[in-house]
Structures are given as C-alpha cells and as structure tokens.
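One structure is given below, encoded as structure tokens.
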Amino acid sequence: MRTAKTICLCHDTERGYGHRDVDPDRSLQMDRRSATDLEEMLRIERRLRVRVTYNVVACFLTEVRRAIEDAGHCVAFHSYDHELDRPQLERCRQADSRIRGYRTPRNRITPELTDENLRRHGIDWLGSSAESFGFETPRVEGGVVKVPILFADFDLDRGEIGYQDWEEKVMHYIKRNDFVAIDLHDCYAEHWLPHYRGFLGKIKALGNLKTFDELATQARGKG
C-alpha cells in the first residue's frame, strides 16, 4: 500500500522586516497590510479546518501569537529581527522558552545555526530551502530535524511566474512525491491570498497536512 502523502504549509510572518534594507518604502506598506492579511489567512484556514505553521519574527511575536495559537496553529521562530549579521537564537529564546522550531531568514544557514548551537538553545527542528540543505525529504542530523522547503512565493513576487503556473507546479510535484513543504510569506500575500482558499482545498485533497512540530515528532519516532 502506498504511503499517504505528507504536506507541510508554513507562513513566514515577517511584515516588512525582510525588506527594511532593500526597499524601505515597500516595507512600510507591508507593515500596514500585515494585520488585515493575517486575519484573512486565519479565517480561511479556520473555514477549511487546516492547521499550518507560522514562522514569526520574534520581536513582534506577542502581537500575533494569541490569534495564531487560538486558531490551533503551530508557532515557530523566523529569527528575532530578520537580521543576518548578528546572533538571533539567544534573543529568540528570551522572547519565548518553549517554541520548538526555527525557520531561517532568506534560506541562509548562518554560522550560528550549527546543530550543537541549535540543540543548546532547545531548537528541535530547522526549516530552510531544499537547496540550502542539499536534500528534499526530512531527516534527523546532529539531533536536529531538518525540514527542506521545496516551494516558496519568491518567484511570484519577482514576477517571474504567474500564480496559476506556480500553483500548477506545486500540484504536479505533490502528485509525484510523498513529501512537500511549501512556504508562503505574509509580505507577499497580495500575490496568493486571493487564491488561498482554493489552493488550500486542492492540497488538502492530495495528502495529509501536518505542522512542522508534528512532522518533527514523526521524524524522531522513525529514528
């Protein structure tokens, strides 16, 4: 019997923090839109009864955490302030002592993110692009569950692909593989949020949606 497909969907919840240094004006627009977009994301997920993972920039975690967790979702760190030139883990832990996961900003596995340092800070799983890891299915390395992300919405924002073609690529991959992790940014919601309810319905029909916390627990159970 064929193994059921596992699909993980996460949201990098960063407002305009990822664009402060490259496009300050646009980053302010992202800040202004973030609360409304988050409310709509949660509404759609609640209606379809799906649970996903929200990777939140920890410096504003307290502002959004209750709404996300009250909706039944998993919360993880997406750095403390989305800056790559200074340490992040210690400040994340000061913001919360219980969160299990860490999603890398810009898919950069910085020198800080060694297995030893992740374990020392109580990080159970690390999410980054499949390209940055060099593999496409989850594995446990150095005591940390590594979760490779296959699809994100960067190309949508750069205008390199239209939404329908992007969705078709995602669906094609899911149909051919037993695992896929998908990453959608709150700051790029203008490109995918109008289609989000239909997209969620389609991927829900193709496999079992799991949070990254659930995936990490499952991966450790398999050794």
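In terms of hydrophobic clustering, with Ile, Leu, Val, Met, Phe, Trp and Tyr side chains grouped at heavy-atom distances under 4.5 Å, L215 and V50 are assigned to different clusters. In the hydrophobic clustering of this structure, I99 groups with F60; members are Ile, Leu, Val, Met, Phe, Trp, Tyr whose side-chain heavy atoms approach within less than 4.5 Å, directly or through other members.
Not a single donor-acceptor pair under 3.5 Å links the side chain of E45 to the backbone N or O of V52. Checking side-chain atoms of R51 against main-chain N and O of A71 turns up no donor-acceptor pair under 3.5 Å. Remark: the backbone N or O of D213 is paired with a side-chain donor or acceptor of T217 at under 3.5 angstrom. Remark: side-chain polar atoms of E214 are paired, donor with acceptor, to backbone N or O of T211 under 3.5 angstrom. For the pair D31 (side chain) and G16 (backbone), a donor-acceptor distance under 3.5 Å is present. Side chain of R91 to backbone of P87: a donor-acceptor contact under 3.5 angstrom is found. A donor-acceptor pair is defined here as one N or O able to donate and one able to accept, closer than 3.5 Å; such a pair exists between the side chain of D186 and the backbone of R15. A distance-only check finds a donor-acceptor pair linking the side chain of N107 to the backbone of S129 [under 3.5 Å]. Without hydrogens or angle criteria, D96 side chain to R98 main chain gives a donor-acceptor distance under 3.5 Å.
Closest approach of L84 to R108, counting heavy atoms only: CD1-NH1, 3.5 Å.
Side chain to side chain, T110 and R86 fail the donor-acceptor criterion of an N or O pair below 3.5 Å. Looking at N55 and E14, their side chains never bring a donor and an acceptor atom within 3.5 Å of each other.
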For residues 23-30, which side-chain donor-acceptor pairs fall under 3.5 Å, sequence neighbours excluded?
unit_1: D23; atom_1: OD1; unit_2: R26; atom_2: N; d: 3.3
unit_1: R26; atom_1: NH1; unit_2: D157; atom_2: OD1; d: 3.4
unit_1: R26; atom_1: NH1; unit_2: D157; atom_2: OD2; d: 3.0
unit_1: R26; atom_1: NH2; unit_2: D157; atom_2: OD1; d: 2.5
unit_1: S27; atom_1: OG; unit_2: R20; atom_2: NH1; d: 3.3
unit_1: S27; atom_1: OG; unit_2: P24; atom_2: O; d: 2.6

Taking only distance into account, with no hydrogens and no angle test, what donor-acceptor pairs under 3.5 Å do side-chain atoms of residues 142-154 form with protein atoms, sequence neighbours excluded?
unit_1: K146; atom_1: NZ; unit_2: D115; atom_2: OD1; d: 3.0
unit_1: K146; atom_1: NZ; unit_2: E141; atom_2: OE1; d: 3.2
unit_1: D153; atom_1: OD1; unit_2: H185; atom_2: ND1; d: 2.7
unit_1: D153; atom_1: OD2; unit_2: H185; atom_2: N; d: 2.7
unit_1: D153; atom_1: OD2; unit_2: W192; atom_2: NE1; d: 3.1

For residues 198-209, tabulate all N or O donor-acceptor pairs below 3.5 Å that involve a side-chain atom, not counting sequence neighbours.
unit_1: K202; atom_1: NZ; unit_2: E167; atom_2: OE2; d: 2.6
unit_1: K204; atom_1: NZ; unit_2: L48; atom_2: O; d: 2.6

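At a threshold of 4.5 Å between non-hydrogen side-chain atoms, the residues E168 and H172 do not count as touching.
Evaluated for a salt bridge (Lys or Arg N to Asp or Glu O under 4.0 Å) with R106, the options D12, D21, D183 yield exactly one hit, D21.
The distance from the NE2 atom of H121 to the CZ atom of R93 is 8.5 Å, given to the nearest 0.5 Å.
With sequence neighbours excluded, the residues that form a side-chain hydrogen bond (donor to acceptor under 3.5 Å, both in side chains) with R120 are N117. Qualifying ring-ring contact (aromatic ring centres under 6.0 Å, His included) partners for Y54, counting only residues two or more places apart in sequence or in other chains: H11, H73. For D70, the salt bridge (charged side-chain N to carboxylate O under 4.0 Å, His left out) partners at least two apart in sequence or on another chain are R66.
A cation-pi contact, defined as under 6.0 Å to the ring centre and within 45° of the axis, is absent between R103 and F77.
Ring geometry, W166 versus Y163: the interplanar angle falls from 30° to 60°, so the pair is classed tilted.
Ionic pairing of R119 and E116 is not present here: no N-O contact between side-chain nitrogen and carboxylate oxygen is shorter than 4.0 angstrom.
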Review point. What's the verdict on ring-ring contact (aromatic ring centres under 6.0 Å, His included) for Y188 and H19, showing C-alpha distance, side-chain angles and the deciding distance?
Key: CA-CA 11 Å; Y188 302 147; H19 293 75; 5.6 Å; yes
